[in-house]
Amino acid sequence: MAKVKVGVNGYGTIGKRVATAVRMQDDMEVIGVTKTRPNFETLMAIEKGFDVYVPDASVEAFQKAGVKYAGTIKDLYRKVDIMVDCTPGSFGAQYKTEYAEAGVKGIFQGGEEHGLTGISFNSTANYSESWGAQFSRVVSCNTTGLLRTLFLIDKEYKIKNAYVTIVRRAADPGDSKNGPINGLEPSVKLPTHHGPDVQSIMPWLNINTMAVKASTTLMHMHTVVAELSRETTTEEVLEIFRKAPRVRLVRSKDGIKTTADIMEMARDIGRDRSDMYEIVVWEDGVKVVGNKLYYYQGVHQESDVVPENVDCIRSMCKLAEKASDSVRKTNDAMHIPNKG
Ligand code: NAD
């Protein structure tokens, strides 16, 4: 079977990872990536063997800098089946029109609203909803994290109410513009948008979210309290997390006390860019009291959505009918442990 031809629009934090992840699969290939400026990331993309395409408005800058490019974005559209749009949030509407006119499929990221596509994607919760679709949206890093655990808990226990506080990283490691660099900043517009974003995939879930920006770049941390419809035990919940795809249990008593320790573990694992694709749950921080479940989870914002983008391509391009088959294939290629 011919490989699905993929273009990646926006080779930034998410785009460069998606391009690498797609390249690792045997049923899809990267035809090209786009860059707006001939900067070091462009040169690195070329060094890694990606063909770089540019918007019309960037042609002059590339020519002036003497940086070779393979063509314009419109040339790329003619060569691909699907564009994975990893541009900063809010460019989506413009690019959706272009993809539609070019007759290619498009995946957008969590910086865009659910309304842009009307379908949002998560491998654990709703793989089949994007089956054959022209457009879909992989939800944000935080929403992906919440869905990976809450969906399975809800399936088993029917959550009556979930209360989540998100301690957000202030900036990505390569970002020197955002902050705060000192202090904690509460999101005062309440409840935060994270709950409704989870509801774009689990509309029936009563979820309440608050968020605090913290002066860290490494990961987000979620504190979750879920009121369940029946009583259970800590051990039963841990068994669910042990079997959950792309969820990794760690223990504080093994020395994983902070997100810095998780990132050190990720470096030891030795994956591309030292990424931690799994949602990391502290095993000794999971506790059930009656029908109330408490836990903490860490989210590596730069990478948890990356395997989801690969699965979303498979669903939209009808490459694997069952979510579990796609997840297994993606995981194998990206060195993410499969369970069961
Ligand atoms: P980024 O700023 O790191 O990268 C965006 C890339 O798009 C850059 O290379 C930029 O040059 C390029 N770009 C800018 N304008 C463009 C245009 N008009 N046409 C083509 N390319 C253009 O952003 P990011 O963090 O990778 O975020 C991309 C999307 O992924 C957003 O929707 C964001 O909300 C979402 N997301 C980000 C994270 C994260 O933590 N960084 C996590 C999950 C989802």
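Numbering of ligands and ligand atoms starts at 1, following listing order.
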(message) Heavy-atom count check: over 12 atoms from other residues, nucleotides or ligands less than 6.0 Å from Glu113 CD?
(response) no
By chain and number, the residues contacting ligand 1 below 4.0 angstrom (heavy atoms only) are Asn9, Gly10, Tyr11, Gly12, Thr13, Ile14, Lys35, Thr36, Cys86, Thr87, Pro88, Gly89, Phe91, Tyr95, Gln109, Gly111, Cys141, Arg169, Asp172, Gln301
For Ile159 and Leu228, run side chain to side chain contact (heavy atoms under 4.5 Å, CB included): C-alpha distance rounded to whole Å, both residues' side-chain angles, the deciding distance at 0.1 Å, then the answer. CA-CA 5 Å; Ile159 294 171; Leu228 312 176; 4.1 Å; yes
- Task: Answer with yes or no after comparing the ring centroid distance for Phe241 and Tyr295 against a 6.0 Å cut-off, counting only values under it.
- Result: yes
Exercise. Would you confirm whether Arg314, through its side chain, and Ser326, through its main-chain N or O, come within 3.5 Å as a donor-acceptor pair?
Key: yes
For Tyr77, the ring pair (Phe, Tyr, Trp, His ring centres under 6.0 Å) test, sequence neighbours excluded, returns Tyr99
- Message: Please say yes or no: joined through hydrophobic side-chain contacts below 4.5 Å, possibly via intermediate residues, are Val84 and Val30 part of one cluster?
- Response: yes
